[in-house]
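Below, each value reflects all heavy atoms present in this structure, side chains not excepted, and no hydrogens, waters or symmetry copies. Numbers for residues simply follow the sequence, beginning at 1.
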Amino acid sequence: MALIGFFEVEFSLSQALRHAPARAAALAPYDGRALGRLAADRSGPTASPVERRRSDQLAMDALRHEPINVAAAAALGLNADATGDPRRARRAFAYAERLSRRDSATQLWAIEDAVGRGDISNALRHYDIALRVKPELGGLLFPVLLGASEDPTIRHALVHTLAAKPSWGEAFVNFAASKISEPRAVATLFRDLRGRGFAIPPAATASLVNALFSAGLFDDAWNYYRLIRNRADRSHSRDPRFRAHLDVPTLFDWTPVNESGVVATIESGVFDFSAPASVGGTMLQQIQVLPPGGYVLRGKSSNIDQPAAARPYWALACHDGRELGRVEVPSSTSGGEGHFGGTFRVPPDCPVQTLILVARASDAISGLSGQINQAALIPAR
């Protein structure tokens with residue numbers, strides 16, 4: 001019984017030392033798992049020829065003790081690959097994959113081997129396996145996939161893979177939208193995915209549209225926006241009655257601005273705002289790409305009851321900062337029952353504009369508050 005107890009303690013300790021493979025193997029030289037981990041530890045990218053030979057010996061010992069030892073089989077594969085023996089490496093990794101598809105080293109090597117042979121389909125199959133079983137590998141693999149997707153052949157195969165809706169698909173799309181160095185390439189990828197029925201998350205869509213716009217690709221940004229808002233017309237503002245209910249708006253949607261104490265929200269078909277006394281600035285905005293010509297802004301407000309000098313106003317400004325005019329928002333208790341209207345003229349050298357609702361600093365103790373129920377910018381007749 002004492003001997004059994006000793007081996008139980010020794011085995012438990014070798015498991016506890018799994019992150020210290022040399023000590024674990026020394027404590028339990030009969031433990032195939034400990035030997036396999038030590039073999040893997042000795043087969044790293046900086047291993048010397050002597051260390052690799054020792055790693056091979058340990059791996060063979062591990063497999064004799066435990067023929068289903070994935071780490072040992074993968075170590076043999078890594079050593080064979082490092083010493084220029086791809087056939088032996090493929091045999092070892094094929095055996096490792098038959099034992100388990102969950103070994104990261106096996107899948108990563110298989111990706112590299114398939115890429116080296118120009119086998120895109122097989123490379124993506126191993127990407128899929130690796131990311132399904134180890135989602136944390138996304139940090140390593142997503143940047144490579146995104147960069148490779150600029151190649152049309154690879155993009156086509158990647159879209160086919162993503163169209164099957166793998167568990168990592170949405171995470172990859174969100175990553176692509178957040179790391180946009182070539183927004184046009186990402187836009188092409190997203191268009192292809194939409195064509196295969198893949199639902200691009202709203203946050204990813206907004207990131208892409210805004211990235212295209214920030215890169216100065218205004219037409220590309222608008223054209224992609226039209227894919228998700230197919231009734232959008234560049235000669236009209238969008239969502240005149242505030243009914244879109246967007247959790248993540250793009251620059252072409254109504255965007256409340258909450259800064260310097262301003263509280264601005266869109267709920268139940270109403271834009272509601274309040275600003276402390278003596279605080280002014282933009283409360284609501286929407287990017288426009290209006291063609292040159294005349295335009296009319298019409299709308300309706302409610303619960304605005306400030307002196308004329310403290311009431312909010314609408315402005316239309318070019319992307320370079322030029323203001324094209326203002327439309328005052330009257331008191332909601334006046335004879336017009338809160339209706340407002342005015343005109344703007346967009347010159348040919350102003351391809352992009354911003355429609356904004358601006359709060360004036362108020363001396364009233366209660367500050368500024370109210371609602372906008374409707375707002376539409378349309379071509380003048």
Side-chain angles (χ1 to χ4, degrees), residues 111 115 118 120-121 123-124 127-128 131 138-166 168-238 244 246-255 285-292 318-320 346 348-354:
I111 290 170
V115 169
I120 296 171
S121 177
L124 287 173
Y127 266 106
D128 184 29
L131 289 166
L140 173 67
L141 299 180
F142 283 172
V144 181
L145 269 182
L146 181 59
S149 70
E150 294 182 24
D151 180 287
T153 303
I154 295 175
R155 183 175 64 249
H156 177 77
L158 176 59
V159 167
H160 179 76
T161 298
L162 291 170
K165 297 180 174 57
W168 53 272
E170 184 171 326
F172 171 74
V173 167
N174 285 328
F175 172 85
S178 68
K179 304 289 184 182
I180 298 177
S181 58
E182 294 292 338
R184 276 180 168 158
V186 177
T188 301
L189 173 64
F190 281 15
R191 283 193 186 94
D192 290 352
L193 285 171
R194 286 176 57 85
R196 293 294 301 273
F198 189 101
I200 306 296
T205 293
S207 292
L208 174 59
V209 170
N210 296 349
L212 288 164
F213 186 89
S214 297
L217 304 171
F218 305 132
D219 286 338
D220 292 81
W222 173 259
N223 290 336
Y224 191 85
Y225 177 78
R226 281 287 317 277
L227 289 177
I228 60 170
R229 310 275 194 273
N230 56 16
R231 294 186 179 181
D233 183 338
R234 68 188 305 152
S235 65
H236 292 67
S237 62
R238 274 72 59 201
L246 302 174
D247 292 329
V248 189
T250 75
L251 292 168
F252 294 116
D253 299 304
W254 289 123
T255 306
Q285 63 184 27
Q286 187 184 99
I287 296 292
Q288 314 294 326
V289 283
L290 304 168
C318 294
H319 195 54
D320 60 12
V346 175
D349 63 344
C350 178
V352 179
Q353 315 85 29
T354 307

query: Counting only N and O atoms by type, is there a donor-acceptor contact under 3.5 Å from the side chain of Asn210 to the main-chain atoms of Leu251?
result: yes

- request: Would you mind reporting whether Pro166 and Leu131 have side-chain heavy atoms less than 4.5 Å apart?
  value: no

task: Search all heavy atoms of Pro143 against all heavy atoms of Gly138 and return the closest pair with its distance.
output: CD-O, 3.7 Å

Closest contact, heavy atoms only, Val144 versus Tyr127: CG1-OH, 3.2 Å

message: Checking the side chain of Ser149 only, and the main-chain atoms of Leu146 only, is there a donor and an acceptor separated by less than 3.5 Å?
response: yes

message: Just verifying a value: how many Å separate Phe198 CZ and Lys165 NZ, rounded to the nearest 0.5 Å?
response: 7.5 Å

- prompt: Is a side-chain N or O of Gln353 found less than 3.5 angstrom from the main chain of Val346, in a donor-acceptor match?
  reply: no

- prompt: Near Arg155 CZ, under 6.0 Å, is it more than 12 heavy atoms from other residues, nucleotides or ligands?
  reply: yes

task: Spell out, as yes or no, whether a donor-acceptor pair under 3.5 Å connects the side chain of Arg231 to the backbone of Arg229.
output: no

query: Should Tyr224 and Arg194 count as side-chain neighbours, where that means a heavy-atom distance under 4.5 Å?
result: yes

query: Atom CD1 of Ile154 and atom OG1 of Thr161: how far apart are they, to the nearest 0.5 Å?
result: 11.5 Å

- line: Interatomic distance, CG@Asp320 vs CG@Asp349, rounded to 0.5 Å, equals 7.5 Å

message: Can you tell me how the ring of Phe213 sits relative to the ring of His319, calling it parallel under 30°, perpendicular over 60° and tilted otherwise?
response: perpendicular

field: Aromatic ring pairing Trp168/Phe142, orientation class (parallel under 30°, perpendicular over 60°, tilted between)
entry: tilted

field: Non-hydrogen atoms of Gln288 and Gln286 that approach each other most closely
entry: NE2-OE1, 2.9 Å

- prompt: When rounded to the nearest 0.5 angstrom, what is the spacing between NE2 in His156 and CZ in Arg196?
  reply: 7.0 Å

message: What I'd like to find out is whether the side chain of Leu227 reaches to under 4.5 Å of the side chain of Phe190, using heavy atoms alone.
response: no

- prompt: Taking atom CG of Leu141 and atom CD1 of Ile111, what is their separation to the nearest 0.5 Å?
  reply: 5.0 Å

- prompt: Could you give the distance from CG (Leu208) to CD1 (Ile200), rounded to the nearest 0.5 Å?
  reply: 9.0 Å

task: Give the minimum heavy-atom separation between Arg234 and Trp222, together with the two atoms involved.
output: N-CZ2, 3.3 Å

- request: Taking all heavy atoms of Pro201 and all of Glu170, pick out the closest pair and write down the distance.
  value: CG-CG, 3.5 Å

- prompt: Do Asp253 side-chain atoms and Thr250 backbone N/O form a donor-acceptor pair below 3.5 Å?
  reply: yes

- request: Decide yes or no for Val289 and Phe252: does some side-chain heavy atom of the first lie under 4.5 Å from some side-chain heavy atom of the second?
  value: yes

message: With a 4.5 Å cut-off on side-chain heavy atoms, are Ser178 and Ser207 touching?
response: no

message: Is there a side chain to side chain contact (heavy atoms under 4.5 Å, CB included) between Phe175 and Leu145? Walk through the geometry before answering.
response: CA-CA 11 Å; Phe175 172 85; Leu145 269 182; over 6 Å; no

message: Restricting to non-hydrogen atoms, name the atom on Pro183 and the atom on Leu212 that form the minimum distance, rounded to 0.1 Å.
response: CB-CD2, 3.5 Å

